[in-house]
Chemist: 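Would you mind keeping the following structure in view while I ask a few things?
Throughout, numbering of the chain's residues begins at 1 and tracks the sequence.
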Amino acid sequence: MVPMQSLRSGTVPASTEPGPVTTFFFFMCAICFSLVVPPSNLWAQQENPQVVQPKQTVVVTGVYEPLPLGEVDRPIVQLDVTDNELVSNSLEDFLRMDSSIDLEERGVNGTQADVAMRGGTFEQTLILVDGFRMNDMQTGHHDMDLPFSVDSFSEVEVLHGAGSTIYGSDAVGGAINFITQAPRYSELRVRTGLGNFGVNQEGATGSLVTRSLAEELNFWRDYSSGFMPDRDYRDLALNSLTDFSSSLGATELILAHNDRPFGANQFYGPYDS
């Protein structure tokens, strides 16, 4: 029993003061408790974890309905244009990423270019833009004379092997589908370049995006005086891509113009052409 006078004078009996061992024990317990028991915000994160949806690649080439790339039983390669358009000068630069494609170019930057695949000829390789056939119906020549610039497309899908079941006899070697994409925001981009043999290039892209309308205008010009007389060329491409959404659905309208004159001196043989 503690005497009353000791309490009044403010002194504490020696038996009630915590010793060094007791103090160290409580200190270690406090540290362990803080490590084991997380704060309340961590509990909230564990109770409601954020599920990250994996990015899924969907293809439309060589199939009747859009399918995930992993479920397609055809050899299809998808080439991304959006992430590499600033370091590429022509659409042929993307096709060079696929070793099964044989580019038959007769000039720089895809001028007078044909495409062959897997041992076939250019007449057996089909070129598509959003699923529309772009091959020349008379000669099947100059397949890559497309009225579009690099800025017009978002990706390229390459179907290796015969696609005649869906596209017809001119897809025996395969098919290449250039896919456009509606602009994501309003912007204006301009590019230009100079080179040897009088090469000069100019291009511009303007887009306007609203709640229901996405409009993109593209201009591309590529000119060269040629490395020899009568081997000059001038490539001009103009196109308009319009995406409109309403209560009736989505509508896509593509308008394009193409002009590609070129000199063919000794092009078809050792004589003036």
Chemist: Kindly compute the distance separating NE2 (His257) from OG (Ser240), expressed to the nearest 0.5 Å.
Modeler: 14.0 Å

Chemist: Which residues satisfy the side chain to side chain contact (heavy atoms under 4.5 Å, CB included) test with Thr192, sequence neighbours excluded?
Modeler: Glu202

Chemist: Is there a chain of hydrophobic side chains (I, L, V, M, F, W, Y, each step under 4.5 Å between heavy atoms) that links Phe94 to Ile127?
Modeler: yes

Chemist: Nearest 0.5 Å, what's the CG-CE distance between Asn265 and Met228?
Modeler: 4.5 Å

Chemist: Using 0.5 Å steps for rounding, measure from the CG atom of Leu208 to the OG atom of Ser186.
Modeler: 4.5 Å

Chemist: Out of curiosity, does Val77 fall in the hydrophobic cluster containing Met97 (side-chain heavy atoms, cut-off under 4.5 Å, transitive links)?
Modeler: yes

Chemist: Enter the distance from Leu79:CG to Asp98:CG here, rounded to the nearest 0.5 Å.
Modeler: 6.0 Å

Chemist: Looking at Gly206 and Leu188, what are the two nearest heavy atoms and their distance?
Modeler: CA-CD1, 4.1 Å

Chemist: Using modelled atom types and a 3.5 Å cut-off, is there a donor and acceptor pairing between side-chain atoms of Asp93 and backbone atoms of Ser90?
Modeler: yes

Chemist: Residues in side chain to side chain contact (heavy atoms under 4.5 Å, CB included) with Arg260, at least two apart?
Modeler: Asp145, Asp235, Asn258

Chemist: Report yes if some heavy atom in the side chain of Val129 is under 4.5 Å from a heavy atom in the side chain of Phe153; otherwise report no.
Modeler: yes

Chemist: For Arg96 and Leu103, indicate whether the former's side chain and the latter's backbone hold a donor-acceptor pair under 3.5 Å.
Modeler: no

Chemist: I'd like to check the side chain to side chain contact (heavy atoms under 4.5 Å, CB included) partners of Ser207; sequence neighbours left out, ordered by chain and number.
Modeler: Pro183, Glu187, Glu216

Chemist: Less than 4.5 Å apart, side chain to side chain, heavy atoms only: is that true for Val158 and Met117?
Modeler: yes

Chemist: Is it the case that one hydrophobic cluster holds both Val150 and Leu217, taking links as side-chain heavy atoms less than 4.5 Å apart, direct or via other members?
Modeler: no

Chemist: Of the non-hydrogen atoms in Ala264 and Arg231, which two are nearest, and what is the gap between them?
Modeler: C-CD, 4.2 Å

Chemist: Tracing side-chain links under 4.5 Å among I, L, V, M, F, W and Y, which residues wind up in one group with Phe219?
Modeler: Leu236, Leu238

Chemist: Is there a continuous path of hydrophobic side-chain contacts, each under 4.5 Å between heavy atoms, that joins Ile76 to Tyr167?
Modeler: yes

Chemist: Show the nearest heavy-atom pair for residues Leu91 and Ser149, with the distance to one decimal.
Modeler: CD2-O, 4.4 Å

Chemist: Which hydrophobic side chains are connected to Phe132, either touching it within the sub-4.5 Å cutoff or through other members that do?
Modeler: none

Chemist: Within the 4.5 Å heavy-atom criterion, are Ile176 and Leu128 side-chain neighbours or not?
Modeler: no

Chemist: Just jot down the salt bridge (charged side-chain N to carboxylate O under 4.0 Å, His left out) partners of Asp259, sequence neighbours excluded, or say none.
Modeler: Arg234

Chemist: Short question: side chain of Asn177, backbone of Gly131 - any donor-acceptor pair under 3.5 Å?
Modeler: yes

Chemist: What residues, two or more places apart in sequence or in another chain, satisfy salt bridge (charged side-chain N to carboxylate O under 4.0 Å, His left out) together with Asp102?
Modeler: none

Chemist: Got Gln201 and Trp220 here, is their nearest side-chain heavy-atom distance under 4.5 Å?
Modeler: yes

Chemist: Between the main-chain N or O of Asp114 and the side-chain N or O of Asp143, is there a donor-acceptor pair closer than 3.5 Å?
Modeler: no

Chemist: Are Arg191 and Arg189 close enough that some pair of their side-chain heavy atoms sits under 4.5 Å apart?
Modeler: no

Chemist: Sequence neighbours excluded, which residues qualify as salt bridge (charged side-chain N to carboxylate O under 4.0 Å, His left out) partners of Asp243?
Modeler: none

Chemist: Report the distance from atom CD of Glu105 to atom NE2 of His142, rounding to the nearest 0.5 Å.
Modeler: 11.5 Å

Chemist: Evaluate the side-chain proximity of Arg184 to Val209: yes if any heavy-atom separation is below 4.5 Å, no if none is.
Modeler: no

Chemist: Let me have the donor-acceptor pairs involving side chains of residues 193-200, under 3.5 Å, with sequence neighbours excluded, atom names and distances please.
Modeler:
{"unit_1": "Asn200", "atom_1": "OD1", "unit_2": "Arg221", "atom_2": "NH1", "d": "2.8"}
{"unit_1": "Asn200", "atom_1": "ND2", "unit_2": "Gly198", "atom_2": "O", "d": "3.2"}

Chemist: Other hydrophobic cluster members with Phe244, side-chain heavy atoms of Ile/Leu/Val/Met/Phe/Trp/Tyr under 4.5 Å, chained?
Modeler: Leu213

Chemist: Counting C-beta onward and ignoring hydrogens, is there a side-chain heavy-atom pair between Phe178 and Val81 closer than 4.5 Å?
Modeler: no

Chemist: Which residues pass the side chain to side chain contact (heavy atoms under 4.5 Å, CB included) test with Thr121, not counting sequence neighbours?
Modeler: Glu123, Gln124

Chemist: Would you say Thr205 and Asn218 are linked by a side-chain donor-acceptor pair, where the criterion is simply a distance under 3.5 Å?
Modeler: yes

Chemist: List in chain and number order the residues that pass salt bridge (charged side-chain N to carboxylate O under 4.0 Å, His left out) with Glu252, two or more places apart in sequence or in another chain; answer none if no residue qualifies.
Modeler: none

Chemist: Are Met144 and Phe122 close enough that some pair of their side-chain heavy atoms sits under 4.5 Å apart?
Modeler: no

